[in-house]
Amino acid sequence: MAMDEEMPEDALTEILSRLPVKSLLRFKSISKHWYSLIQSPCFISLHHNRSPKNESLLVLRSVKTTSAFAPITLALSVVSNKTPVLDLDLPFGGQPASWLNLFGSSNGIVCLFNSSTKIMMLCNPAMREFKVLPQPPFHTRYTSHLRFAFDPKTNDYKVLRVVASYDPMAFTFTLCVGRVQIYHMSTDTWREIVAVVPEEILQCSQRWCWSSASLNGVFYWVANCQGEIIAFHMSDELFERVFLPEDIRTNPWSSLSILGDSLALVTVEFGRMESCLEIWVRDGNGVKDPWNKKYSIGPIVGLYDALGFRHTGEVLLRRDNDWKMVSYNLDSHTLNEYHEEYDDLKLVHRCPVLSYTASLVSVKRPV
């Protein structure tokens with residue numbers, strides 16, 4: 001008698017849903033029944049809900065080369081407290097990781113943009129799946145903003161693309177009226193929407209509008225050099241300005257992240273050789289809900305910018321002089337090197353660090 005016939009279905013599901021993705025991918029070959037169970041939407045959802053959150057980080061890092069004259073090589077890597085840095089060997093369309101930019105991670109799926117070929121991609125690193133997105137309408141236009149997240153209201157993974165024209169002589173952007181596009185993974189198609197886009201999001205280039213966060217199907221990002229925050233609701237397809245009280249002093253180094261279940265804003269003030277950080281948390285999800293200052297950090301010696309938070313009560317910081325990732329413990333108020341085994345973890349300047357949890361969600365079939 002087969003093993004799965006000896007075990008009640010509920011018990012089998014209960015056991016398998018608590019196993020890591022790597023093991024489940026192997027177990028799919030045990031029988032047709034296990035294969036069907038493990039790839040079923042209900043099981044994938046159950047497994048994801050039971051997975052530890054924020055267990056790993058996804059980063060773009062500089063890789064050491066043997067020659068001092070060799071070009072900089074980048075790697076897309078998973079960083080965990082439990083294992084050494086893992087460089088992902090994925091088939092990025094024949095292009096090296098040095099051309100990649102990260103634009104979001106949700107439920108184990110990562111959105112990438114190849115700045116050389118202008119190709120957008122989704123991948124599931126744990127399943128080694130890779131999907132090139134179809135070209136959006138007006139794909140030759142400049143992409144001012146690109147964001148990726150899961151929309152819980154529609155149970156779909158979506159990419160937001162704001163299209164603009166760029167004048168390289170004046171270093172300015174002009175919004176292409178009506179050119180706001182959304183990609184739906186469920187149908188593998190793009191569509192254009194009618195949306196009023198705040199002009200603030202065009203006042204800085206995509207390179208410097210890196211600070212963003214996604215929470216409950218809403219994108220948030222620091223939109224311009226004055227630190228204004230813009231929200232885009234994926235379900236309602238509306239842009240909004242987020243209220244900030246006058247006592248929050250934003251600047252181009254302000255960054256957004258998720259702390260617990262709340263949107264957090266980290267502001268940074270630099271001295272000659274020291275940094276002071278304030279962490280503000282918004283109470284609620286409305287654009288006019290109040291913000292409260294939760295933590296003050298510093299002054300600490302050195303220049304740092306904020307990358308995000310770990311569930312262990314740490315703030316991740318990038319040190320300016322060597323681009324190394326370090327952590328600041330909010331309970332003990334201590335600054336620590338991230339880990340000795342990560343001595344070569346040199347991050348790409350101003351590139352985000354994404355929270356990552358391995359999942360069974362496939363990018364090759366509808367959700």
Mind checking the [atom1]-[atom2] spacing from [X] to [Y]? Nearest 0.5 Å is all I need.
X	Y	atom1	atom2	answer
Phe219	Lys158	CZ	NZ	9.0 Å
Tyr183	Leu160	OH	CG	14.5 Å
Arg147	Ile182	CZ	CD1	14.0 Å
Lys364	Leu122	NZ	CG	10.5 Å
Ser359	Asn124	OG	CG	4.5 Å
Leu25	Ile38	CG	CD1	8.0 Å

Quick one: do [X] and [Y] make a salt bridge, cutoff under 4.0 Å?
X	Y	answer
Arg161	Glu192	no
Arg282	Asp289	no
Lys293	Glu278	yes

Pairwise side-chain contact, [X] with [Y], heavy-atom cut-off 4.5 Å (strictly under):
X	Y	answer
Ile30	Tyr35	no
Leu317	Ser327	no
Phe309	Val266	yes
Met234	Phe150	no
Tyr328	Thr334	no
Val363	Phe130	no
Pro134	Asp188	yes
Cys276	Phe270	no

Start with the C-alpha distance between Met121 and Lys131, add both sets of side-chain angles, then the distance that settles side-chain contact (heavy atoms from CB on, under 4.5 Å), and finish with yes or no.
-> CA-CA 6 Å; Met121 301 159 277; Lys131 179 183 181 64; over 6 Å; no
TODO: Check step by step if side-chain contact (heavy atoms from CB on, under 4.5 Å) holds for Trp291 and Leu263.
DONE: CA-CA 9 Å; Trp291 293 78; Leu263 182 67; 3.8 Å; yes
* Do we see a donor-acceptor contact under 3.5 Å between the side chains of Thr154 and Asp151? -> yes
Glu129 side chain to Ser362 side chain, donor-acceptor N/O pair below 3.5 angstrom:
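There is such a pair (donor and acceptor under 3.5 Å, judged by atom type) between the side chains of Glu129 and Ser362.
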Task: Ring geometry between Phe239 and Trp221 (parallel below 30°, tilted from 30 to 60°, perpendicular above 60°) - done: perpendicular
### Task
Give me the ring orientation class for His47 and Phe43: parallel if the planes are under 30° apart, tilted from 30 to 60°, perpendicular past 60°.
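Ring orientation, 0 to 90° scale: parallel.
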Taking [X] for its side chain and [Y] for its backbone only, find out whether a donor-acceptor pair lies under 3.5 Å.
X	Y	result
Ser186	Asp156	no
Ser17	Thr13	yes
Ser275	Tyr304	yes
Ser36	His33	no
Trp190	Val159	no

Does [X] belong to the same Ile/Leu/Val/Met/Phe/Trp/Tyr cluster as [Y], with side-chain heavy atoms less than 4.5 Å apart forming each link?
X	Y	result
Leu238	Val218	no
Val268	Met273	no
Leu330	Leu335	yes
Met127	Leu19	yes
Ile119	Val110	yes

request  = Walk me through it: do Leu277 and Thr267 pass the test side-chain contact (heavy atoms from CB on, under 4.5 Å)?
outcome  = CA-CA 6 Å; Leu277 293 84; Thr267 64; over 6 Å; no
Query raised in the report: For the ring pair Phe103 and Phe148, is the centre-to-centre distance below 6.0 Å?
Result: no
Practice task
Give the intermediate values and the outcome of side-chain contact (heavy atoms from CB on, under 4.5 Å) for residues Leu360 and His48.
Solution key: CA-CA 8 Å; Leu360 293 165; His48 174 73; over 6 Å; no
Looking only at heavy atoms, what is the nearest atom pair of [X] and [Y], with distance?
X	Y	answer
Gly108	Pro125	O-CD, 3.6 Å
Val21	Ala126	CG1-CB, 3.9 Å
Gly271	Leu303	O-CD2, 3.9 Å
Leu24	Leu16	CD2-O, 3.4 Å
Ala231	Val242	CB-CG2, 3.9 Å

